[in-house]
Asks: 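This is the structure I have questions about; it appears just below.
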Amino acid sequence: MYEERRDLVGKPVESLQTMIREIAYIDNDIAPLITDGIYGNQTATSVKQIQRSGGLQQTGVADLQTWEHLTARYLNAVNRLYPESLTTRLLPGEKVEYEEARDIMFIVQGMFLALEIDFSDTPKVQATGVNDSATQDALRWMQDRSDLEADGKLDIPTWNALVRAYMLSAKATNRGLPLTKNDGTDTR
């Protein structure tokens, strides 16, 4: 049984719970969750179900492998539930260009808004769904810190760097998800 941790709360947990809830709409083997922002027993149980569906070790802890599997399942669920409404995938080599409107930009901008809590130098963005000048500045900021080409365009390496920063930020402030390394050792 997973021991409830009241210090694992906040937006990252709400994001995890929201994604699991969307997956549960199309997969009866995944228990739906109430999005309360607390990583408690129900969340841990649902995470184990997600892990089982991906052939991963069932720990109830959202490690990087689990997060990657969860994200893929979530995108699949959203695209099945709302086929005409969201385009959240980036194909290899694809970039979201300047001033391009894409649904994935809402997610990117949301992660940057969350990073502002922990990193005062994070460029300020608004959730517009457009790769506007403020978002381009934020993407360049992330690319610079990740040794990527700082062109202000969203591509898969930039997305991966942003997700890692978002996850690490959540862990570092004890608001987010419990993380383990791929070998199962705790990173706390």
Side-chain angles (χ1 to χ4, degrees), residues 1-83 85-90 103-104 106-119 127 142 156-188:
M1 175 176 265
Y2 183 81
E3 181 180 329
E4 185 168 330
R5 299 249 332 254
R6 289 284 176 182
D7 60 328
L8 299 174
V9 298
K11 292 291 182 193
V13 176
E14 288 177 16
S15 296
L16 172 89
Q17 292 168 332
T18 298
M19 289 193 288
I20 290 172
R21 188 183 66 227
E22 294 294 315
I23 295 167
Y25 284 130
I26 64 167
D27 186 340
N28 293 330
D29 292 331
I30 307 298
L33 284 174
I34 295 173
T35 304
D36 62 6
I38 299 171
Y39 202 105
N41 290 328
Q42 284 185 313
T43 302
T45 298
S46 293
V47 167
K48 285 180 184 178
Q49 294 166 342
I50 292 290
Q51 290 168 327
R52 183 180 324 116
S53 75
L56 304 172
Q57 184 179 1
Q58 297 172 43
T59 63
V61 176
D63 60 16
L64 184 58
Q65 284 182 312
T66 301
W67 188 257
E68 289 172 351
H69 176 67
L70 173 71
T71 302
R73 293 281 315 270
Y74 170 73
L75 292 175
N76 179 302
V78 167
N79 287 329
R80 285 181 55 196
L81 289 167
Y82 317 104
S85 64
L86 291 177
T87 307
T88 56
R89 288 195 189 114
L90 284 175
D103 294 323
I104 195 170
F106 284 109
I107 299 168
V108 167
Q109 291 158 339
M111 285 191 281
F112 278 121
L113 289 168
L115 286 175
E116 287 178 23
I117 296 168
D118 296 317
F119 301 103
M142 179 58 60
I156 291 174
T158 304
W159 167 264
N160 291 339
L162 180 58
V163 168
R164 279 191 304 275
Y166 176 78
M167 295 292 292
L168 289 172
S169 171
K171 181 203 172 297
T173 58
N174 281 329
R175 287 192 319 269
L177 310 175
L179 296 177
T180 58
K181 296 179 183 175
N182 286 339
D183 65 359
T185 58
D186 195 337
T187 60
R188 283 176 262 179

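The model shown is predicted, which means the values in this text are computed figures rather than measured ones.
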Asks: Do NZ/NE/NH1/NH2 and the carboxylate oxygens of Arg52 and Asp29 come within less than 4.0 Å?
Replies: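 Result for this pair is no, no salt bridge flagged.
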Asks: Quick one: which of Asp36, Leu33, Val47 gives a side chain to side chain contact (heavy atoms under 4.5 Å, CB included) with Gln42?
Replies: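 Option passing the side chain to side chain contact (heavy atoms under 4.5 Å, CB included) with Gln42: Leu33.
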Asks: Give the C-alpha distance, both sets of side-chain angles, the deciding distance and a yes or no for side chain to side chain contact (heavy atoms under 4.5 Å, CB included) between Arg73 and Asp27.
Replies: CA-CA 10 Å; Arg73 293 281 315 270; Asp27 186 340; 2.6 Å; yes
Asks: Starting at CE of Met167, measure out to CE of Met111 and round the result to the nearest 0.5 Å.
Replies: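 Going from the CE atom of Met167 to the CE atom of Met111 covers 10.5 Å.
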Asks: Quick check for you: to the nearest 0.5 Å, what is the distance between Ile38 atom CD1 and Glu14 atom CD?
Replies: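 Here the interatomic distance stands at 9.5 Å.
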Asks: Between Tyr166 and Ala114, what is the shortest heavy-atom contact and its length?
Replies: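 So the two residues come closest at CE1-CB, 3.5 Å.
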Asks: Does the side chain to side chain contact (heavy atoms under 4.5 Å, CB included) test come out yes or no for Ile23 and Leu70, once each step is laid out?
Replies: CA-CA 9 Å; Ile23 295 167; Leu70 173 71; 3.5 Å; yes
Asks: Distance from Tyr74 atom OH to Ser15 atom OG, nearest 0.5 Å?
Replies: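 So the gap between those two atoms works out to 9.0 Å.
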Asks: How far does OG1 of Thr71 sit from CG of Leu16, to the nearest 0.5 angstrom?
Replies: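 Thr71 OG1 to Leu16 CG: 9.0 Å, rounded to 0.5 Å.
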Asks: How long is the straight-line distance from CG of Leu75 back to CE of Met19, given to the nearest 0.5 Å?
Replies: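 One finds 8.5 Å between CE of Met19 and CG of Leu75.
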Asks: Should Ile50 and His69 count as side-chain neighbours, where that means a heavy-atom distance under 4.5 Å?
Replies: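 With C-beta onward as the side chain, the pair touches.
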Asks: For the residue pair Gln51 / Thr66, report whether a side-chain donor-acceptor contact shorter than 3.5 Å exists.
Replies: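 Yes, side-chain donor-acceptor contact under 3.5 Å.
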Asks: Might you point out which heavy atoms bring Ala165 and Met142 nearest each other, and give the distance in Å?
Replies: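 That closest heavy-atom pairing would be CB-CE, 3.6 Å.
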Asks: Any side-chain heavy-atom pair from Gln17 and Ser46 closer than 4.5 angstrom?
Replies: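 In short, these two side chains do not touch, never coming nearer than 4.5 Å.
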Asks: At what distance, to the nearest 0.5 angstrom, does OG1 of Thr43 lie from CD1 of Ile34?
Replies: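 If I round to the nearest 0.5 Å, the distance is 10.0 Å.
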Asks: Any side-chain heavy atom of Ile107 sitting closer than 4.5 Å to one from Trp159?
Replies: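 In short, these two side chains touch, coming nearer than 4.5 Å.
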